[in-house]
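In what follows, chains carry the letters A, B, and so on, assigned in the order in which the sequence lines appear, proteins first and then strands, with residues in each chain numbered from 1. This is a predicted model, so every value here is computed, not measured.
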Amino acid sequence: MAINDEVAARLGELVTLTTLADGTKQSFRVRAYERARDAVRTLSAPVADLTAAELQQIDGIGASTAKKIREYLETGTIAKLDELRGRFPPGLVEVMRIPGMGPKTVLLVRDELGVASVDDLRAAVAAERLRDLPGLGKRSEEKIAVAIERLGLHGKDRRTPIIEALPVADEIVGLLSAQPAVDRVESAGSLRRFRETIGDVDVLVASGDPESVMDAFGSLPVASEVLARGETKSAILTGSGLQVDLRVVAPDQFGAALLYFTGSKAHNIELRQRAISRGWILNEYALTDEDGRVLAAATEADIYGELGLEYVAPPLREGVGEVAAAAQGTLPDLVQMGDLHGDLHVHSSWSGDGRSSLEDMVAAAAARGLEYVAITEHAEDLAINGLSRDQVREEREVIDALRAAHPELAILHGAELNIGRDGSVDYDEDFLAGFDWCVASVHSLFDLPPEQQTRRLIAAMENPAVDVIGHLTGRRIGRRPGIEFDVDAVFAAASKTRTALEINCHLDRLDVPADLLLRARNRDDLTFVISTDSHHVSEYSHAEWGVRHAQRGWVDRSRIANTMSRAEFLAWLGAKR
DNA sequence: GCCGTTTTCGGCCCGACTGTTTTCAGTCG
């Protein structure tokens, strides 16, 4: 939501500037602002609706930050922020983006060399003036020089879309698992939490021979450069500029290490605080008691159990209330792959961009054990890919024949309609009535003002033929932002019109986005469907991504329509239509 | 700056790697 993102951005500025003011990221004030920023970012209500007292009720926001938020909402500015901006101008803040340039070093080069921008620093490096500063040397100067030239290409704040990072991680995991010294290997970090973008790839290995694992890691074909190499920890850069961190632990410590390396940082801190409150210590090696005895280490489940918590699935580990929920036994009932009994958004080569035949798509659905599938070709308004009315009638006859050949599968003849500027869709009312299931999606006009997008989406949902809105925002992760609209109004309309919201499984969509799913986490009045939007038989397996994304959004199984059995689903659809 | 089934004051997660040190500071996750 726009206003929450805006406030979170101001709090994020306070994080950066306070890091400089305090000289460390570890300062309690910095961490407090970080918590407040994350709390606002994941808030389910618009922050503008809350009084200072209500803001203080939010975990991580105290009197001081609540006051600053109200100050910003009422005056458009925060005095404290303005003061810090005056002390640390944007050019200097930019210097902190360079890997290796932390607050201490930034202030050192400012005070000693008058550096106030990245350009200044580049010049100072060229003049070899850094090497004589206390704590720095020739080697540091060279590393900073390299880092400056890489800035923008892969600075420490660059994030990689999951669709790019996942194959790299899979390749590395595959190659390492073939190493004889490797007992076990798994990717961790934000990739395991299934974040939409990844900072770097984290890989964890269990081995009794760390040195040979490090050797193998450094000489992987994807490694274009070794950034760091220690006894248990190394980092490489791939040719595409993605950083991969490797950690090696003993096999009996794998659970503790996986927990630590998966994060998030906020989740880890909460777990470690919980350990401390019992007089224990949790680190990446084990959970130990006051006498140093190991209470749990081998598996994550053991550690959660010892801490009195339900197991928390990785996609939930963001420090947004999951630890408290795990303590109270109120974690969401998460959907699993085995729960999905149908796929309600599937194309075949009848659509211009479909790549498998209708017959193959149907056979593949049956082979996967699906109980129902909706064939939803593009509709006529999508000029290149859409079907004319004659083609729709023609395909319907083919589908009728396929039904006879696949009695185990309920085949719905559907369509993916295009939502026009005013919310209208393809075809007329009578023709639409011939479909069993209609997805309606935005495929155009992504830049309309939010009020128009809101009206457009609501108008489409009010159309009785529309069963579900496809890929709600239309975003392509890392490539195209989604459309902007009034989320609460759209959710309310979805509830009122009983229109489902699709969770699109494609890795560059994952749409509805997780932050919007989180905003809806207490809305039992909304129905979702997890759909692959397959254009090829191989894409049914993308359901796994949608499941993990739904988990990340705290969407419980009961709110997902395609967890219903065939009979339940058809009854539900009949009652709805 | 936040927070309280030990606390409204006094704590706040924990450890690895690098480069510069000769026992540690800075950075990172």
Side-chain angles (χ1 to χ4, degrees), chain A residues 11 14-15 18-19 21-39 55-69 80 96-109 130-144 147 155-157 188-190 198-204 210 214 226-235 243-249 253 256-257 259-288 307-308 319 323 327:
Chain A
L11 293 171
L14 281 170
V15 170
T18 307
T19 300
D22 290 357
T24 171
K25 279 211 80 163
Q26 310 300 327
S27 108
F28 303 120
R29 211 183 341 227
V30 171
R31 300 218 314 247
Y33 282 136
E34 275 180 331
R35 284 194 67 196
R37 177 199 61 196
D38 293 345
L55 285 167
Q56 271 191 72
Q57 297 303 306
I58 299 164
D59 214 23
I61 297 179
S64 171
T65 303
K67 208 169 140 211
K68 288 186 177 70
I69 292 173
K80 175 78 180 174
M96 261 222 307
R97 292 180 54 222
I98 300 165
M101 293 297 293
K104 294 266 172 42
T105 316
V106 168
L107 294 181
L108 180 71
V109 297
L130 258 62
R131 59 183 61 186
D132 297 327
L133 296 177
L136 297 180
K138 186 156 175 281
R139 186 90 185 92
S140 301
E141 192 177 76
E142 286 164 1
K143 287 192 103 169
I144 289 167
K156 59 188 169 190
D157 53 358
S190 50
I198 271 78
D200 50 33
V201 171
D202 299 306
V203 178
L204 180 66
M214 292 305 175
V226 177
L227 293 173
R229 155 140 192 184
E231 288 174 25
T232 66
K233 214 171 129 175
S234 288
Q243 184 174 328
V244 183
D245 294 340
L246 175 73
R247 189 73 186 257
V248 183
V249 297
Q253 298 169 327
L259 187 63
Y260 155 74
F261 221 28
T262 298
S264 65
K265 189 170 111 178
H267 183 80
N268 285 347
I269 288 173
E270 280 196 63
L271 292 184
R272 287 172 178 196
Q273 281 169 338
R274 200 172 166 85
I276 287 169
S277 72
R278 288 161 165 68
W280 304 340
I281 290 176
L282 175 62
N283 57 26
E284 58 260 57
Y285 303 114
L287 175 66
T288 48
L307 289 172
V323 175

| message | What's A:E34 touching, base or sugar-phosphate or nothing? Going by heavy atoms closer than 4.0 Å. | response | nothing

| query | Within a strict 4.5 Å, meaning less than it, do heavy atoms of the A:I144 and A:L130 side chains meet? | reply | yes

| request: Before accepting this row, confirm whether a basic side-chain N of the pair A:E270/A:R274 lies closer than 4.0 Å to the acidic partner's carboxylate O. | output: no

| Between B:dG29 atom P and A:H267 atom NE2, what is the distance in whole Å? | 20 Å

| field | Beyond-backbone contact of A:L246 with A:K233, side-chain heavy atoms, under 4.5 angstrom | value | no

| remark: Assign each of A:L133 and A:G62 the nucleotide of DNA chain B bearing its closest heavy atom; nearer the 5' end lies the nucleotide of A:G62

| Is there a donor-acceptor contact under 3.5 Å from the side chain of A:D22 to the main chain of A:T24? | no

| task | Pick base, sugar-phosphate or nothing for A:L136, based on heavy-atom distances below 4.0 Å to the nucleic acid. | result | sugar-phosphate

| field | Pairwise C1' distance, B:dG26 and B:dT20 [rounded to whole Å] | value | 10 Å

| Quantified in whole Å, what is the C1' atom distance between nucleotide B:dG1 and nucleotide B:dT5? | 24 Å

| Toward the 5' end of DNA chain B, by each residue's nearest nucleotide, A:R272 or A:A32 | A:A32

| task | In whole angstrom, give the distance that lies between atom NZ of A:K233 and atom P of B:dT18. | result | 9 Å

| task | Pick the C1' atom in B:dT8 and in B:dC3, then give their distance to the nearest Å. | result | 9 Å

| task | Pick the P atom in B:dT23 and in B:dC28, then give their distance to the nearest Å. | result | 25 Å

| For A:T65 and B:dC2, is the shortest distance between a side-chain N/O and OP1 or OP2 below 4.0 Å? | yes

| query | Base, sugar-phosphate, or nothing for A:S27, non-hydrogen atoms under 4.0 angstrom? | reply | nothing

| message | Counting the atoms with a prime plus P, OP1 and OP2 as sugar-phosphate, which does A:A63 contact under 4.0 Å by heavy atoms, base, sugar-phosphate, or nothing? | response | sugar-phosphate

| request: State whether A:R131 and A:E142 are salt-bridged, where the test is any N-O pair (Lys NZ or Arg NE/NH1/NH2 against Asp/Glu carboxylate O) under 4.0 Å. | output: no

| request: Quick one: label A:E270 by what it contacts on the DNA or RNA (base, sugar-phosphate, nothing), any heavy atom closer than 4.0 Å. | output: nothing

| query | For atom P, what is the distance between B:dA16 and B:dT21, given to the nearest Å? | reply | 24 Å

| said: For the CD atom of A:E284 and the CG atom of A:N268, what is their distance to the nearest 0.5 Å? | reply: 9.5 Å

| field | Side-chain N or O of A:K138 closer than 4.0 Å to phosphate OP1/OP2 of B:dT20 | value | no

| query | If we call it a pair only when both distances are under 3.5 Å in a Watson-Crick or G-U wobble match, what pairs with B:dC28? | reply | B:dG15

| request: Would you tell me if any nitrogen or oxygen in the side chain of A:T105 comes within less than 4.0 Å of OP1 or OP2 on B:dT27? | output: yes

| note | Here the gap from A:M101 atom CE to A:L108 atom CG, rounded to the nearest 0.5 Å, amounts to 8.0 Å

| query | Expressed in angstrom and rounded to an integer, what is the separation of A:D200 atom CG from B:dA16 atom P? | reply | 18 Å

| message | Under 4.0 Å, counting only non-hydrogen atoms across every strand here, what does A:K67 touch: a base, just sugar-phosphate, or nothing? | response | nothing

| request: Please tell me which of the listed nucleotides, B:dC14, B:dC3, B:dG1, lies nearest to the side chain of A:Q26? | output: B:dC14

| request: Give one of base, sugar-phosphate or nothing for A:K80, where a contact means two heavy atoms less than 4.0 Å apart. | output: nothing

| note | A:R29 atom CZ is separated from B:dG10 atom C1', nearest whole Å, by 16 Å

| task | Please indicate yes or no: is the ring centre of A:F28 less than 5.5 Å from the centre of the six-membered base ring of B:dC12, with the two planes inclined by under 30 degrees? | result | yes

| task | Taking atom C1' in both B:dG11 and B:dT6, compute the distance separating them and give it to the nearest angstrom. | result | 12 Å

| request: Using the P atom on both, measure B:dC17 against B:dC12 and round to a whole Å. | output: 25 Å

| request: Give one of base, sugar-phosphate or nothing for A:K143, where a contact means two heavy atoms less than 4.0 Å apart. | output: sugar-phosphate

| said: Can you measure A:N268 atom CG to B:dG15 atom C1' for me and round it to whole angstrom units? | reply: 12 Å

| Sugar-phosphate, base or nothing in reach of A:P103, heavy atoms under 4.0 Å | sugar-phosphate

| Phosphate OP1/OP2 of B:dG26 contacted by A:K104 side-chain N/O (<4.0 Å) | yes

| remark: From CD of A:E141 across to C1' of B:dG19 the rounded distance in Å is 14 Å

| Sugar-phosphate, base or nothing in reach of A:G199, heavy atoms under 4.0 Å | nothing

| task | Could you state the atom-to-atom distance from OH of A:Y260 to P of B:dC14 in whole Å? | result | 13 Å

| said: Using a 4.0 Å heavy-atom cut-off, does A:F261 contact any base of the nucleic acid, only the sugar-phosphate backbone, or nothing at all? | reply: nothing

| request: Give a yes/no on whether any side-chain N or O of A:T24 is located under 4.0 angstrom from OP1 or OP2 of B:dT27. | output: no

| said: Whole angstroms only, please: what is the CG-P distance between A:N283 and B:dA16? | reply: 8 Å

| Between B:dG15 and B:dG10, how far is it from one C1' atom to the other, in whole Å? | 24 Å

| request: Give the C-alpha distance, both sets of side-chain angles, the deciding distance and a yes or no for salt bridge (Lys or Arg N to Asp or Glu O under 4.0 Å) between A:D202 and A:R247. | output: CA-CA 8 Å; A:D202 299 306; A:R247 189 73 186 257; over 6 Å; no

